[in-house]
Every structure is written in C-alpha cells, then in structure tokens.
Amino acid sequence: MTNPVYRSARAAESIAAQYRRVLERWPVARTELHVPTRQGSTFVIACGPETAPPVVLLHGSQANSAAWMPDVPLWSRKFRLFAVDMIGEPGLSAPVRPDLAGDAHALWLDDVLVGLGLSHAAFVGTSLGGWLALDYGSRRPSAVQALALICPGGIGRQKNFLLKALPLLLLGSWGKRKMRELVFGPAPDVLPEALQPFAALMDNAAKAIKPRVVTMPQLTDEQLKALRMPLLAIVGGRDVLLDSTDTRDRLRRNVAHAEVCFIEDGYHFLPDQTSRVMAFLERKVELPDG
C-alpha cells in the first residue's frame, strides 16, 4: 500500500531515526508515550509536574513535536505538557491522513485524551495544529479550557501560495531559499546551535514527505460566536499562507473576548512567543495553590 505521508519507506525510516536523535536533546525530563487510537498509534511526549494543569501542544504541518523544544523549559515549570505528534506528519504517529472535513480528527483527539487520562486541557496549536485545536474546541467545548493559537488555520482566508511557489521552484536552490523566506522570513546569518538539529530535521522532512495540498475548513461566524473558552490568537501581517487581517477581523467581530496579537512584520513562522503564551496560560488556566 502506498504510504500517504512519505515518498518512500527509506525516507520514513531516515526521518524517524533523525527525529529520535533530536529528541535526545529535549531540554527537560520527559516521558514518551504511544497512545492507541482509532487512527493507529499516536506518539506523545509528556513533561512538567504530573499534578500541574494539563496543556496539549499541537504542532504544524511538515513538523513534529520537536518544534516545541524552545518553549517547554518555561511552560513546563507550571503546566503538565503533552506534545502530540499529529497523525499524517513526519513524527512517530500513524502515517494516516483522514479528511480534514468532518469529525475524524476530533474523534482521534478524543482517543488521545482518553489514553492520556484527561477529561479536559488547555490547547496550544500552531498553523495546522492551530486549526486542529480550534476545530476541537468548537466540537468539544467542555474539553478545552483555553486556546492559544499561533498563525492558526480555520479562521482567516487561506491564500493560494502555490501560485507564488511554483515559479520559484523552477529557479533551483535560489528559488527554494526565496520560497522559504516568504514563509519563514529571512534566515539568520548564524542559526543558534540549539536549533540546528531541529532545522536540519525539518529540511530533510520537507524533502521526505508528501506535502498536504488541502484547504483547511473554516469555522463559520456562528461557530466562532459559540466559542466561550479563553482564546489567544497570534498572527503575522506578512503571512503568505493565511490572511491574518481576515483572522483578526473575524475574531474581533465574532469572539469579543478573544485576545488578538497582530504582529505587523510577522511571517507564518512566529518565533519567540514563549513568554506571551505563558502569560496567557497563567492568567486563564487555574493553577494549584502554591
């Protein structure tokens, strides 16, 4: 059977091995879990005090839970973190890609939470993971204490980035570099040493997997108005994948209590949001005394 995620079995094995090496650098003590679900095994990294309030982390497309490594040292001080490898992405979860429309992903997350022994949690999601958290919050409001969304899909219009990307892909390495800069912003002259293994993993994963060419379902105005949990949305004004102005405006019209941080010069990749998300979680998620 053709693998819906990886271009070859060898590519899948290579990325899994590289990912495991990167996880050896996880910055705090961790527990690795394999949770059975109706979509197959789901890989989860747990860290932070076991009695602390739970927070589920959902990464974006073409990524895995290693994306949270810069954030977990701070967040795990006060929260029990569960970094979930999304199914259908270059992590250690099942290589399946059910349709984003419908409730398949919500049912999968139901199984994940049951496997983790959670009845509710706060959720932090980025990009596709932001859509996933938002979709789950809409379908399972009692299970979602708070939503912290970074460049989330599902609210603002999804742009047709392929129109810009395809001509650049014809221009060799220069074109690929320019395409990455449109999404992630200009690369630093020197990448911090701690981020180099993860960056190398993501570069290799982008070559090894089949990209999702899908439109993320948008919540209707009525669905947005029904969201009652605390919500933070952090978006970039120069996002070439999602219309951040539309995201901001729809939230302001339909979710009056939402906190929207609009970063004018921000791209689809928004680093250095650790403290902002932490402050939101500390204000909106009930912490145990002491």
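What you see below is based on every heavy atom in this structure, not just the backbone, and it leaves out hydrogens, waters and symmetry mates. In this chain, numbering begins with 1 at the start of the sequence shown. Worth saying up front: this structure is predicted, and the values here are computed from it rather than measured.
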| request: Kindly indicate, with the supporting measurements, whether the criterion salt bridge (charged side-chain N to carboxylate O under 4.0 Å, His left out) is fulfilled by Arg30 and Glu24. | output: CA-CA 10 Å; Arg30 74 189 191 281; Glu24 291 304 313; 3.3 Å; yes

| query | Does the distance from a Lys or Arg side-chain N to an Asp or Glu carboxylate O, for Asp111 and Arg38, drop under 4.0 Å? | reply | yes

| For Tyr19 and Asp85, what are the C-alpha separation, side-chain angles and deciding distance, and is it a side-chain contact (heavy atoms from CB on, under 4.5 Å)? | CA-CA 11 Å; Tyr19 181 28; Asp85 274 5; 2.9 Å; yes

| remark: For Val72 and Pro27, the nearest pair of non-hydrogen atoms, with its separation, is CG2-CG, 3.4 Å

| message | Strictly distance-based, threshold 3.5 Å: is any side-chain N or O of Gln39 a donor or acceptor partner for the main-chain N or O of Leu107? | response | no

| said: Using only atom types and a distance under 3.5 Å, with no angle test, would you say the side chain of Gln218 pairs donor to acceptor with the backbone of Gly156? | reply: yes

| message | Do Val277 and Asp71 have side chains that approach each other closer than 4.5 Å (heavy atoms only, starting at C-beta)? | response | no

| Passing option when Phe123 is tested against Phe79, Tyr136, Phe82 for ring pair (Phe, Tyr, Trp, His ring centres under 6.0 Å) | Tyr136

| field | Arg212/Glu89 under salt bridge (charged side-chain N to carboxylate O under 4.0 Å, His left out): CA gap, chis, key distance, verdict | value | CA-CA 9 Å; Arg212 292 182 189 252; Glu89 296 300 333; 2.4 Å; yes

| Is the backbone N or O of Arg10 less than 3.5 Å from a side-chain atom of Glu13, with the two atoms forming a donor-acceptor pair by type? | no

| Working for salt bridge (charged side-chain N to carboxylate O under 4.0 Å, His left out), residues Arg140 and Asp110 | CA-CA 9 Å; Arg140 308 286 191 270; Asp110 284 344; 2.8 Å; yes

| request: Compare every heavy atom of Asp239 with every heavy atom of Ser244, then report the nearest pair and how far apart it is. | output: OG-CB, 3.6 Å

| field | Candidate list Thr215, Asp243, Leu242, test side chain to side chain contact (heavy atoms under 4.5 Å, CB included), partner Arg157, passing option | value | Asp243

| message | In terms of relative ring orientation, are Trp68 and Trp75 parallel, tilted or perpendicular, with 30° and 60° separating the classes? | response | tilted

| message | Please tell me whether Thr42 and His34 have a donor and an acceptor in their side chains that are separated by less than 3.5 angstrom. | response | no

| said: Please find the pair of heavy atoms, one from Gly236 and one from Leu270, that lie closest to each other, and give the distance. | reply: N-CD1, 3.8 Å

| query | Ignoring hydrogens and geometry, is there a side-chain-to-backbone donor-acceptor pair from Ser76 to Cys47 under 3.5 Å? | reply | no

| task | Could you list the residues that satisfy ring pair (Phe, Tyr, Trp, His ring centres under 6.0 Å) with Trp108, not counting sequence neighbours? | result | none

| query | Is a side-chain donor-acceptor pair under 3.5 Å present for Gln273 with Arg276? | reply | yes

| query | For His120 and Ser142, what are the C-alpha separation, side-chain angles and deciding distance, and is it a side chain to side chain donor-acceptor pair (under 3.5 Å)? | reply | CA-CA 7 Å; His120 58 270; Ser142 64; over 6 Å; no

| message | Test question: given the 4.5 Å side-chain rule for I, L, V, M, F, W and Y, name all other residues clustered with Tyr267, or answer none. | response | none

| note | Correct closest heavy-atom pair for Gln145 and Ala122 would be OE1-N, 3.9 Å

| Pro53 versus Leu287, closest heavy-atom pair with distance | CG-CD2, 3.9 Å

| said: Counting only heavy atoms from other residues, nucleotides and ligands, does the tally under 6.0 Å from CD of Glu50 exceed 12? | reply: no

| query | With no hydrogens and no angle check, is any side-chain donor or acceptor of Arg250 less than 3.5 Å from a backbone partner on Ile155? | reply | yes

| Yes or no on side-chain contact (heavy atoms from CB on, under 4.5 Å) for Leu241 and Gln158, after CA distance, side-chain angles and deciding distance? | CA-CA 6 Å; Leu241 302 183; Gln158 187 169 335; over 6 Å; no

| Are any side-chain N or O atoms of Arg139 and backbone N or O atoms of Ala106, one a donor and one an acceptor, separated by less than 3.5 Å? | no

| task | Decide yes or no on salt bridge (charged side-chain N to carboxylate O under 4.0 Å, His left out) for Lys207 and Asp203, but give the supporting numbers first. | result | CA-CA 7 Å; Lys207 301 170 187 174; Asp203 284 343; over 6 Å; no

| query | Is Glu259 paired with Arg283 through a side-chain N to carboxylate O contact shorter than 4.0 Å? | reply | yes

| query | Can you find a side-chain donor-acceptor pair between Asp221 and Asn254 that sits under 3.5 Å? | reply | yes

| Short question: side chain of Ser127, backbone of Gly129 - any donor-acceptor pair under 3.5 Å? | no

| Arg25, CZ atom: more than 12 neighbouring heavy atoms under 6.0 Å | no

